[in-house]
Amino acid sequence: MAEKVIPLADHRIASTVPLIPAGALPASGRVVDRLARPLRDLRISVTDRCNFRCSYCMPKEIFDKHYEFLPHSSLLSFEEITRAASLFVAHGVHKIRLTGGEPLLRKNLEVLVEMLSRLRTADGTPLDLTLTTNASVLAKKAQALKDAGLQRVTVSLDALDDAVFRRMNDADFPVAEVLRGIEAAQRVGLGPIKVNMVVKRGTNDQEIIPMARHFKGSPIVLRFIEYMDVGATNGWRMDEVMPSAEVISRIGDVFPLQAIDRSAVGETAERWRYRDGSGEIGVISSVTQAFCHDCNRARLSTEGKLFLCLFATHGHDLRALLRGGYGDEQIAAAIGHIWQGREDRYSELRSATDPGDGRGERRVEMHYIGG
Ligand code: SAM
């Protein structure tokens, strides 16, 4: 029988209160880390809760009714999130993605969207403001999110086959409802829409072609994500990872493909177009082809810890500063100092480590840090 893994320590991971560096220069719209990577992209987790129990992310055996999610008082308020976001923007962040957990479970999320949509980059342009969602309540929320200033959404959908999808989300949630959410997002203009499919060999790889066929010919960009060794609870195994190269070869056998350029530096997806001109797909090869060298993403957890890598084992407690009476300049200086010291490149070093073997420090869980 498979052993049940019980987290020994709080999954919310070690953190330290950041130093406020003396004599730091004010934020200048650009800060680079030790590997010359600028800070451009911020992912904000607005809740650690989710109504799905995808086995690769929040397996039911661990995230059950006894699991202690964060109390509401631990969460950053919308005002705190917006204040922190504005300091990241002052350092050069152009794109903010709201995530979780399931971000649409956070009450009145459109109010936060409205607050964030008012931020401007150093050169006065609005942010690229987006959201990643399982779309379970998107049909209901799409119009309010659009009205609040959200630009686009990325929807997670791992299969078109209803039985496969229900098994994967482990919440008996139907595909039809997700498709309804996608249609609503299209209708209100929350685009360009991306759909992310995590591919697990032996679980949903038979869905690759049906998914490609379904979205081919539409403006929706389907992206295939390699199943990653995030966190410490999903029982990750390399033999369940389907390399992107194999996904591309399978699709290319049916629908001929041609590689196209990445849309921007630091973009996670490699892009391919259908040779018949009927759209594009992407692959995110976080396991087989690390993209740390131009990673420009920071992550703010639900309770205000700053993580510099999805595979981090340690966070920086910005909430302590936000609630500690410090001024914007001081907190911005602390953020700049943290970024300048960054040298994380976990995925590139993966081959030298042994992911998930329990010997190293505990890694942060995806639903908490935000995907
Ligand atoms: N609840 C939202 C959703 O479903 O999109 C946002 C949070 S979810 C953690 C963000 C993304 O991370 C989803 O596309 C999910 O499929 C992906 N994800 C979670 N665990 C993963 C893993 N082990 N490997 C690859 N992708 C993963």
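Both counts, for ligands and for their atoms, begin at 1 and track the order of listing.
- Under a 4.0 Å criterion applied to the non-hydrogen atoms of Val198, ligand 1 contributes the atoms 16 (O), 25 (C), 26 (N), 27 (C).
- No side-chain donor-acceptor contact under 3.5 Å links Asp344 to the backbone of Tyr346.
- The option with the heavy atom closest to atom 1 (N) of ligand 1, from among Gly101, Ser55, Cys50, is Gly101.
- The closest side-chain heavy-atom distance from Phe78 to Leu116 is not below 4.5 Å.
- Contact atoms of ligand 1 toward Cys57: 9 (C), 19 (C), 20 (N) (distance under 4.0 Å to a heavy atom of the residue).
- Interface atoms of ligand 1 facing Thr99, defined by a heavy-atom separation under 4.0 Å, are 6 (C), 7 (C).
- The aromatic rings of Tyr67 and Phe63 lie tilted to each other, with the angle between the two planes from 30° to 60°.
- Considering both main-chain and side-chain atoms, Glu102 comes within under 3.5 Å of ligand 1 through a nitrogen or oxygen pair.
- Contact between Arg152 and Pro192 at its shortest, heavy atoms only, is CB-O, 3.7 Å.
- Heavy-atom distances between Glu226 and ligand 1 reach below 4.0 Å in at least one pair.
- Residue contacts with ligand 1, taken as heavy atom pairs separated by less than 4.0 Å, do not involve Thr154 at all.
- A cation-pi arrangement is found for Lys216 relative to Tyr274, the charged atom lying closer than 6.0 Å to the ring centre and inside a 45° cone about the ring normal.
- Between Asn196 and ligand 1, a contact under 3.5 Å exists for no N or O pair.
- Ranked by closest heavy atom to atom 8 (S) of ligand 1, the top entry among Gly100, Cys54, Ala135, Ser45 is Gly100.
- Using cut-offs of 30° and 60° on the angle between ring planes, the pair Phe165 and Phe52 is perpendicular.
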**Asked** Lys60 and Asp64: salt bridge (charged side-chain N to carboxylate O under 4.0 Å, His left out), yes or no, with the steps?
**Response** CA-CA 5 Å; Lys60 214 175 211 166; Asp64 60 12; over 6 Å; no

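- Interface of Asn134 with ligand 1, defined as ligand atoms under 4.0 Å from a residue heavy atom, comprises 2 (C), 3 (C), 4 (O), 5 (O).
- Here the closest non-hydrogen pair linking Arg223 and Asn196 is NE-OD1, 3.1 Å.
- For the pair Tyr56 and ligand 1, the shortest N or O to N or O distance falls below 3.5 Å.
- Close N/O approach between Met228 and ligand 1 is found [any backbone or side-chain N/O within under 3.5 Å].
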